[in-house]
Amino acid sequence: MDEKFWLERWERQEIGFHQRNINARLRRFWPDLGLARGDAVFVPLCGKSADMIWLRVQGHPVLGVELSPVAVAAFFTENGLAPRRRRQGRFDAAESDGIRIFRGDFFDLTAGDLAGIEAVYDRAALIAMPPAMRERYAAHMVEILPHGARTLLVTLEYPQGEMQGPPFSVPPAEVERLYGPCGDVRLLSRDDVLSKGRDLAERGVTALYECTFLVTSRR
């Protein structure tokens with residue numbers, strides 16, 4: 001999956017992955033990260049997620065990165081925000097009310113861009129990537145995250161042969177393989193969500209779990 005794939009999805013508004021409501025696992029498990037108000041949070045491949053608004057309400061400055069200019073513009077417009085815009089390194093940055101989004105490629109981020117980040121919220125990034133790209137994504141995330149940063153990671157698990165992603169199936173064993181060598185991985189929940197995943201069931205999926213992890217970087 002290249003940049004063109006995702007840019008076209010947003011341009012055609014083929015965004016079934018976008019959730020209008022605040023993610024239930026975010027509400028349920030965010031306290032497990034033990035953050036204080038004012039701790040900065042990074043949201044990779046953020047789209048126009050309303051979860052960023054929820055994080056900001058909890059008192060966290062939020063940094064997102066998103067490839068699509070359509071998604072970035074929609075986030076600020078739909079939330080009634082008028083962002084300040086500037087160029088920052090390889091990114092076009094838009095910021096309003098403590099939420100800043102870098103418009104550009106996640107893989108262009110550096111450790112300097114994430115300096116001061118205390119936590120990551122990943123609901124839609126890891127599961128958006130096929131296996132080879134997941135390897136690269138996880139390695140780059142480990143490289144640029146500050147030591148001790150905590151990640152609330154939400155994945156989907158289903159029989160991968162039943163459906164061509166995205167979203168892709170990323171079971172607990174895969175998360176441990178990707179992050180275990182350089183972080184502490186704790187499975188917080190594995191919930192049966194097939195009854196709520198009607199769109200995936202229509203694509204042939206017969207079993208579906210949403211898995212939530214707490215990953216603590218020890219790079």
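For the side-chain hydrogen bond (donor to acceptor under 3.5 Å, both in side chains) test, no residue two or more places apart in sequence or in another chain qualifies with Arg84. Arg190 is linked by a salt bridge (Lys or Arg N to Asp or Glu O under 4.0 Å) to Glu157, counting only residues two or more places apart in sequence or in another chain. For Tyr179, the side-chain hydrogen bond (donor to acceptor under 3.5 Å, both in side chains) test picks out no residue, with sequence neighbours left out. With sequence neighbours excluded, no residue satisfies ring-ring contact (aromatic ring centres under 6.0 Å, His included) with Phe29. Partners of Phe102 by ring-ring contact (aromatic ring centres under 6.0 Å, His included), not counting sequence neighbours, listed by chain and number: Phe91. For Ala201, the side-chain contact (heavy atoms from CB on, under 4.5 Å) test picks out Leu194, with sequence neighbours left out. Every residue two or more places apart in sequence or in another chain that forms a side-chain contact (heavy atoms from CB on, under 4.5 Å) with Thr110 is listed here: Asp113. Under the side-chain hydrogen bond (donor to acceptor under 3.5 Å, both in side chains) criterion, Gln160 pairs with Tyr158, sequence neighbours left out. For Trp30, the side-chain hydrogen bond (donor to acceptor under 3.5 Å, both in side chains) criterion is met by His60, not counting sequence neighbours.
For residues 161-175, the pairs satisfying salt bridge (Lys or Arg N to Asp or Glu O under 4.0 Å) are Arg134-Glu174, Glu174-Arg177, with sequence neighbours left out. Among residue pairs with one or both ends in residues 97-110, those qualifying as salt bridge (Lys or Arg N to Asp or Glu O under 4.0 Å) are Arg90-Asp108, Asp92-Arg103; sequence neighbours excluded. Evaluation of the salt bridge (Lys or Arg N to Asp or Glu O under 4.0 Å) test over residues 27-43, restricted to residues two or more places apart or in two chains, returns Arg28-Asp191.
Of the inter-residue distances, the one linking Thr155 atom OG1 with Glu210 atom CD reads 8.0 Å to the nearest 0.5 angstrom. The distance from atom CZ of Arg123 to atom SG of Cys46, rounded to the nearest 0.5 Å, is 11.5 Å. Rounded to the nearest 0.5 Å, atoms OG (Ser68) and NZ (Lys48) are 10.0 Å apart. Here Leu33 contributes atom CG and Leu152 contributes atom CG; the two are 5.5 Å apart, rounded to the nearest 0.5 Å. In this structure, CG in Asn79 is found 7.0 Å from CD1 in Ile99, a value given to the nearest 0.5 Å.
Between Asp122 and Leu45, every side-chain heavy-atom pair lies at or beyond the 4.5 Å cut-off. Looking at Val175 and Val170, their side chains come closer than 4.5 Å, going by heavy atoms from C-beta outward. Contact of the Leu156 side chain with the Phe168 side chain is not registered, since no non-hydrogen atoms from C-beta on lie closer than 4.5 Å. With contacts defined as side-chain heavy-atom distances shorter than 4.5 Å, the pair Val65/Ile101 does not qualify. Counting heavy atoms from C-beta on, the side chains of Phe213 and Pro172 come closer than 4.5 Å. Contact check for Val185 versus Leu178: no side-chain heavy atoms found under the 4.5 Å cut-off.
Atom CZ of Arg203 is surrounded by more than 12 heavy atoms from other residues, nucleotides or ligands within 6.0 Å.
The heavy-atom pair separating Ala93 from Gln88 by the smallest distance is CB-CB, 4.4 Å.
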